[in-house]
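See structure below.
Predicted model, so just to flag it, every value in this text is computed and none were measured. For reference, positions follow the sequence shown, starting with 1.
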Amino acid sequence: MALGNHSTITEFLLLGLSADTQIQTLLFVLFLMIYLLTLVGNLMMILVIHTDSKLHTPMYFFLSHLSFQDIFYSSVTVPKMLENLLSQRKTISVEGCLAQVFFVFATTGIEACLLSVMSYDRYAAICHPLLYGQMMSKPLCVNLVWGSWVVAFLDALINLLLALNLDFCDVQIIHHYSCELPSLFPLSCSDPSINAAMLLCSALLHAIGTCLLIFFSYARIVSTILSISSTSSRSKAFSTCSSHLTAVSLFYGSAIGRHLMPPSGSPLELILSIQYSVITPLVNPLIYSLKNKEVKAALRRMVLRYSQCLG
């Protein structure tokens, strides 16, 4: 792969986490447990949604895709992190680094798009309940999911193609546990200004575009809920949105904070990256199961069915 006329290096060093061997062992065990719990939790959510007919609604259709996306999202960075925690030389090839850049970029964009689509679904359900079936028809739901993937992958592809023109001439150290596009700019011996401008445009497209949809959806939702006279109905409407708002806050709060910071490898930068790329995929199924009566009821029904089959 040609990355520029003067590129002579073949790998990067990822030095984002501790250099202490004992701490690395503890981190390996911790992140391995997190990764396995992420896989189990999200696979369980997908299984429950697809096997329980009462959850065959647009909201849970989007939630199943969010769970699949979270498995994909976590798998982009955590396996390589685990490998490096056990390795003496924490390296990644230039090609592997750029591939990780692409998938980190794409999965972050997909997550943002799906969360915004889910906010529109809540808006349609609460503000227009009589028209909900028409507003969230099955073809539209499928198109919204596919659109989220296509937009995110095209955006990531454009940024990757521009990144292929960057030159890396010396031994390069990335003070991070994974390859993210902003971390490559200080390492380039060519001018990354075009790349930075494109990244800014992409970030604005995803951040502002999806945030505006979420903001306006919930502005209308709150207005509608406050106009409901019944306290119990108002409480029920709020409860259907609380899980999604929690997931949105966790993802956007850490992701926006991370990308507003200059790439320095600071502890706060690493914590924010771990929050949105490792912790968020772990807690999303917990948020939607622990705070959702329908999901908890479906889990009980599934456990009962399997226990009866085994009995």
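- Using a 4.5 Å cut-off on side-chain heavy atoms (C-beta onward), Val278 and Met81 make contact.
- Under the side chain to side chain contact (heavy atoms under 4.5 Å, CB included) criterion, Ser188 pairs with Leu166, Phe168, Ser190, not counting sequence neighbours.
- Between Asn195 and Leu199, the closest side-chain pair of non-hydrogen atoms is not below 4.5 Å.
- Nearest heavy atoms, Ser178 versus Ile174: O-CG2, 4.1 Å.
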### Task
Mind running side-chain contact (heavy atoms from CB on, under 4.5 Å) on Ile271 and Ile274 for me, showing each step along the way?
CA-CA 5 Å; Ile271 290 170; Ile274 290 172; 5.8 Å; no
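- The two atoms that bring Ile221 and Ile126 nearest to each other are CG2-CD1, 3.9 Å, heavy atoms only.
- For the atom pair Ile49 CD1 and His65 NE2, the distance stands at 9.5 Å (nearest 0.5 Å).
- With sequence neighbours excluded, no residue forms a side-chain hydrogen bond (donor to acceptor under 3.5 Å, both in side chains) with Tyr120.
- Pairing each heavy atom of Leu213 with each of Ser119, the nearest pair is O-OG, 4.0 Å.
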Listing, residues 140-157 side-chain donor-acceptor contacts under 3.5 Å, not counting sequence neighbours, or none:
unit_1: Asn143; atom_1: ND2; unit_2: Pro139; atom_2: O; d: 3.2
unit_1: Ser148; atom_1: OG; unit_2: Leu144; atom_2: O; d: 2.9
unit_1: Asp155; atom_1: OD1; unit_2: Ser202; atom_2: OG; d: 2.7
unit_1: Asp155; atom_1: OD2; unit_2: His206; atom_2: NE2; d: 2.9

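- The distance from the CG atom of Asn165 to the CG atom of Asp191 is 11.5 Å, given to the nearest 0.5 Å.
- A chain of hydrophobic side-chain contacts below 4.5 Å, direct or via other Ile, Leu, Val, Met, Phe, Trp or Tyr residues, connects Leu43 to Leu114.
- There is no path of hydrophobic side-chain contacts, each under 4.5 Å, that joins Val40 to Val283.
- Residues Ile71 and Leu36 share a hydrophobic cluster, clusters being chains of Ile/Leu/Val/Met/Phe/Trp/Tyr side chains in contact below 4.5 Å.
- As a member of the Ile/Leu/Val/Met/Phe/Trp/Tyr network built from side-chain separations under 4.5 Å, Met198 groups with Ile158, Leu162, Ile194.
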Would you list the atom pairs, donor with acceptor, under 3.5 Å between side chains in residues 24-31 and any protein atom, with sequence neighbours excluded?
unit_1: Gln24; atom_1: OE1; unit_2: Lys90; atom_2: NZ; d: 3.2
unit_1: Gln24; atom_1: NE2; unit_2: Ser18; atom_2: O; d: 2.9
unit_1: Thr25; atom_1: OG1; unit_2: Thr21; atom_2: O; d: 3.1

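- The hydrophobic cluster containing Leu161 also contains Leu184, counting ILVMFWY residues as joined when their side-chain heavy atoms lie under 4.5 angstrom apart, directly or transitively.
- Within the 3.5 Å criterion, the main-chain N or O of Val48 finds no donor-acceptor partner in the side chain of Tyr60.
- At a threshold of 4.5 Å between side-chain heavy atoms, the hydrophobic network of Ile, Leu, Val, Met, Phe, Trp and Tyr places Ile23 and Leu85 in one connected group.
- How far CZ of Phe62 is from SG of Cys113: 12.0 Å, rounded to the nearest 0.5 Å.
- The side chain to side chain contact (heavy atoms under 4.5 Å, CB included) test applied to Ile92 returns Phe12, Leu14, Lys80, Cys97, Gln100, Cys179, not counting sequence neighbours.
- Heavy-atom neighbours of Met135 CE from other residues, nucleotides or ligands within 6.0 Å: above the threshold of 12.
- Under the side chain to side chain contact (heavy atoms under 4.5 Å, CB included) criterion, Leu160 pairs with Leu98, Phe102, sequence neighbours left out.
- By the side-chain hydrogen bond (donor to acceptor under 3.5 Å, both in side chains) test, Glu111 is found to be paired with Gln69, Asn284, residues two or more places apart in sequence or in another chain being considered.
- Here the OG-CG distance, from Ser67 to Leu39, works out to 12.0 Å after rounding to the nearest 0.5 Å.
- Remark: Thr77 pairs with no residue by the side-chain hydrogen bond (donor to acceptor under 3.5 Å, both in side chains) rule, at least two apart or across chains.
- Ser64 places a side-chain N or O within 3.5 Å of a backbone atom of Phe61 that can act as its donor or acceptor partner.
- Asn42 and Pro281 get closest at one heavy-atom pair: ND2-O, 2.9 Å.
- Ser75 and Pro79 make their closest contact through O-CD, 3.3 Å (heavy atoms, listed as atom of the first residue, atom of the second, distance).
- For the pair Leu66 and Leu115, the tightest heavy-atom approach, listed with the atom from each and the gap, is CD2-CD2, 4.3 Å.
- The main-chain N or O of Asp70 is never found under 3.5 Å from a side-chain atom of Ser74 such that the two would form a donor-acceptor pair.
- With values rounded to the nearest 0.5 angstrom, Thr108 atom OG1 is found 12.5 Å from Phe103 atom CZ.
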### Message
The test is side-chain contact (heavy atoms from CB on, under 4.5 Å); show your working for Arg89 and Leu13 and say whether it passes.
### Response
CA-CA 7 Å; Arg89 296 188 71 248; Leu13 297 177; 4.0 Å; yes
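- Judged as a salt bridge (Lys or Arg N to Asp or Glu O under 4.0 Å), the pairs with a partner in residues 32-57 (not counting sequence neighbours) are, in order, Asp52-Arg301.
- Considering OH of Tyr132 and CE of Met59, their distance stands at 7.0 Å, rounded to 0.5 Å.
- Taking the ring pair (Phe, Tyr, Trp, His ring centres under 6.0 Å) definition, one finds that His128 meets it with Tyr123, sequence neighbours left out.
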### Query
Please walk me through it: do Tyr177 and Ser277 pass side-chain hydrogen bond (donor to acceptor under 3.5 Å, both in side chains)?
CA-CA 11 Å; Tyr177 62 85; Ser277 65; 2.8 Å; yes
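- For Thr280 and Tyr73, the side-chain atoms include no donor-acceptor pair closer than 3.5 Å.
- Residues satisfying the side chain to side chain contact (heavy atoms under 4.5 Å, CB included) criterion with His56, sequence neighbours excluded, are Ser53.
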